[in-house]
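Encoded as structure tokens, the structure appears first; notes follow it.
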Protein chains: 2
Amino acid sequence: MKIDPTHILKEHSLKHTKQRVRVLEEIALDTVAISQPELEKKLGKEIDRVTLYRILNIYEDKGILHRIMDMNGTANYAICSASCSEDHHHDEHIHFNCTSCNKIYCLDVAVPHSTMPKGFTAKTVNTTAYGVCEKCNLAVKKN
Amino acid sequence: MKIDPTHILKEHSLKHTKQRVRVLEEIALDTVAISQPELEKKLGKEIDRVTLYRILNIYEDKGILHRIMDMNGTANYAICSASCSEDHHHDEHIHFNCTSCNKIYCLDVAVPHSTMPKGFTAKTVNTTAYGVCEKCNLAVKKN
DNA sequence: GTAACAAATGCAATTGTATTGCATATATTT
DNA sequence: AAATATATGCAATACAATTGCATTTGTTAC
């Protein structure tokens, strides 16, 4: 995914700092969501832990990133589709969390809508499938 | 939900201890999933933290409880439907995570199936809707 | 019922994720 | 280039979860 960090920051009236740019660059490298610990490992020498947390939180609030919890309760981040905004995350695709390598994929499969019971108002719906991903399935076959 | 802790333990060849019985009793009190911290608050004087964690893990492995992560990355637990087993969690209903009171409801709404991309094998699918629950919606109207 | 054994519990210590307060550094506006 | 608002880095802290080990408890066989 090719992104323009400077443009994204301007769009959301966020100050242009090298830390913020680096976070966006790093996350945009892969369509697979990246976890906070992985990000910290990659950026820990350039960016302080706390700053990283703060940047990720701001990006989530602004609708720039979406956050997916994996089975361990660890936050994972991926770039939002263009239609996401501060008020509403249009994060209605399926996440696939591999139980072998723990990676989280954003799959291009539409989520069928379900109607909520009376009284419940849903803002966002998050569907996560747990199983084994393509890579890990192949790795098993080889052995 | 009425359950028989002794029967459940026997069914899964688990030793019958008072701690294990208490955990099952406590979780069965409500259809709403209960979080680890809440459980600890309620049972902390009877059961050691670590023991509680271990019991919850065993119950999840055996398919007795299912675990739902809330937005904070905290584990929440609810009794599985009868069809759950060690090999397969038939946890295919929708969870509703209220962003106001943070409660997790197990809704009686079937999850529409989606087909996975080639190479990806899904074992369980977890759908969580985020929004405002019935109680909190009513509370807002009153003020 | 009781002895023997395996397994569960409790405690202390530790890991790992996330947050808060405050001083310093940096980006934007004029 | 100066003023000001905001972001960053550091230290300390909170909280969820895990590990190792000694002790206790449940189960099985006698």
Side-chain angles (χ1 to χ4, degrees), chain A residues 5-27 33-62 64-77 97 102 104, chain B residues 5-27 33-62 64-65 67-77 86 97 102 104:
Chain A
T6 304
H7 180 248
I8 291 176
L9 290 171
K10 212 161 239 162
E11 212 173 19
H12 294 89
S13 341
L14 291 170
K15 277 195 186 173
H16 182 276
T17 70
K18 60 175 184 295
Q19 292 90 339
R20 286 178 177 174
V21 171
R22 286 292 294 118
V23 170
L24 282 177
E25 283 173 353
E26 207 55 45
I27 293 179
I34 187 167
S35 69
Q36 194 285 331
E38 282 179 290
L39 269 175
E40 196 181 316
K41 221 188 291 173
K42 285 191 171 184
L43 299 172
K45 279 157 195 161
E46 309 172 48
I47 308 178
D48 182 76
R49 282 174 62 78
V50 178
T51 303
L52 180 55
Y53 277 112
R54 284 194 275 232
I55 289 175
L56 292 171
N57 282 334
I58 287 175
Y59 284 175
E60 200 204 349
D61 288 347
K62 293 279 184 180
I64 298 169
L65 297 181
H66 59 255
R67 193 178 66 148
I68 312 114
M69 283 290 167
D70 64 24
M71 289 178 307
N72 309 312
T74 307
N76 284 255
Y77 296 90
N97 192 174
N102 205 45
I104 295 182
Chain B
T6 305
H7 180 248
I8 291 176
L9 290 171
K10 211 161 239 161
E11 212 174 17
H12 292 90
S13 340
L14 291 171
K15 278 194 182 170
H16 182 277
T17 70
K18 62 174 182 298
Q19 292 88 339
R20 286 179 177 173
V21 171
R22 287 293 293 117
V23 170
L24 281 177
E25 284 174 353
E26 206 56 45
I27 293 179
I34 187 167
S35 68
Q36 195 285 333
E38 282 178 292
L39 268 175
E40 197 182 315
K41 223 188 293 175
K42 284 190 171 185
L43 298 171
K45 279 156 194 163
E46 309 172 47
I47 308 178
D48 183 75
R49 282 174 61 80
V50 179
T51 304
L52 180 55
Y53 276 112
R54 284 193 274 232
I55 290 176
L56 292 171
N57 282 334
I58 287 174
Y59 284 175
E60 200 203 349
D61 288 348
K62 294 279 184 181
I64 297 169
L65 297 181
R67 192 177 65 147
I68 313 115
M69 283 288 166
D70 65 23
M71 288 177 307
N72 309 312
T74 306
N76 285 254
Y77 296 90
E86 186 156 0
N97 192 174
N102 205 43
I104 295 182

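Treat the numbers as computed from the prediction; the structure is a model and nothing was measured. Below, chain A is the first sequence line, B the second, and so on; all start at residue 1.
On a pure distance criterion of 3.5 Å, no polar donor-acceptor pair joins the side chain of B:Arg20 and the base of D:dG26. Side-chain atoms of A:Arg49 and base atoms of C:dA18 include a donor and an acceptor less than 3.5 Å apart.
Regarding A:Arg54, its CZ atom lies at a distance of 9 Å from the P atom of D:dG9, rounded to whole Å. The distance from atom NZ of A:Lys62 to atom P of D:dT6 is 11 Å, rounded to the nearest whole Å. Between the NE2 atom of A:His12 and the C1' atom of D:dT6 there is a distance of 18 Å, rounded to whole Å. Look at CE on A:Met69: it is 11 Å from P on D:dA17, rounded to the nearest Å. At whole-Å resolution of the value, NZ in B:Lys18 and P in C:dT9 are 9 Å apart. Spacing between atom CG of B:Asp48 and atom P of D:dA22 amounts to 17 Å, rounded to whole angstrom units. Rounded to a whole Å, the CD1 atom of B:Ile55 is 16 Å from the C1' atom of D:dT18.
Regarding contacts with the backbone of C:dT19, a side-chain N or O of A:Asn57 is found under 4.0 angstrom from either OP1 or OP2. OP1 and OP2 of C:dT19 both lie 4.0 Å or more from every side-chain N or O belonging to A:Tyr53. Side-chain nitrogen and oxygen atoms of B:Gln19 include at least one within less than 4.0 Å of the OP1 or OP2 phosphate oxygen of C:dG10. Phosphate proximity of D:dC15 to B:Thr74: absent, as no side-chain N or O sits under 4.0 Å from OP1 or OP2.
Base contact: A:Thr51 has a heavy atom under 4.0 Å from a base atom.
Under the rule for a salt bridge (Lys or Arg N to Asp or Glu O under 4.0 Å), B:Arg54 has no partner lying at least two apart in sequence or in another chain. Applying the salt bridge (Lys or Arg N to Asp or Glu O under 4.0 Å) rule to A:Lys15 yields no partners; only residues at least two apart in sequence or on another chain are considered. In this structure B:Ala33 satisfies the side chain to side chain contact (heavy atoms under 4.5 Å, CB included) test together with B:Ile68, B:Asn76, B:Ala78, B:Ile104, sequence neighbours excluded. Taking B:Lys42 as the reference, B:Glu26 meet the salt bridge (Lys or Arg N to Asp or Glu O under 4.0 Å) condition, with sequence neighbours excluded. Residues satisfying the side chain to side chain contact (heavy atoms under 4.5 Å, CB included) test with B:Ile58, not counting sequence neighbours, are B:Leu14, B:Arg20, B:Lys62.
Each end of the helix from C:dG1-D:dC30 to C:dT30-D:dA1 yields a helix axis from five base pairs, and these two axes differ in direction by 40° (to the nearest 10 degrees).
Without hydrogens or angle criteria, A:Arg67 side chain to B:Met71 main chain gives a donor-acceptor distance under 3.5 Å.
Here the CG-OG distance, from B:Asn102 to B:Ser35, works out to 7.5 Å after rounding to the nearest 0.5 Å.
Each of B:Leu14 and B:Asn72 was matched to the nucleotide of DNA chain C holding its nearest heavy atom; the match closer to the 5' end belongs to B:Leu14.
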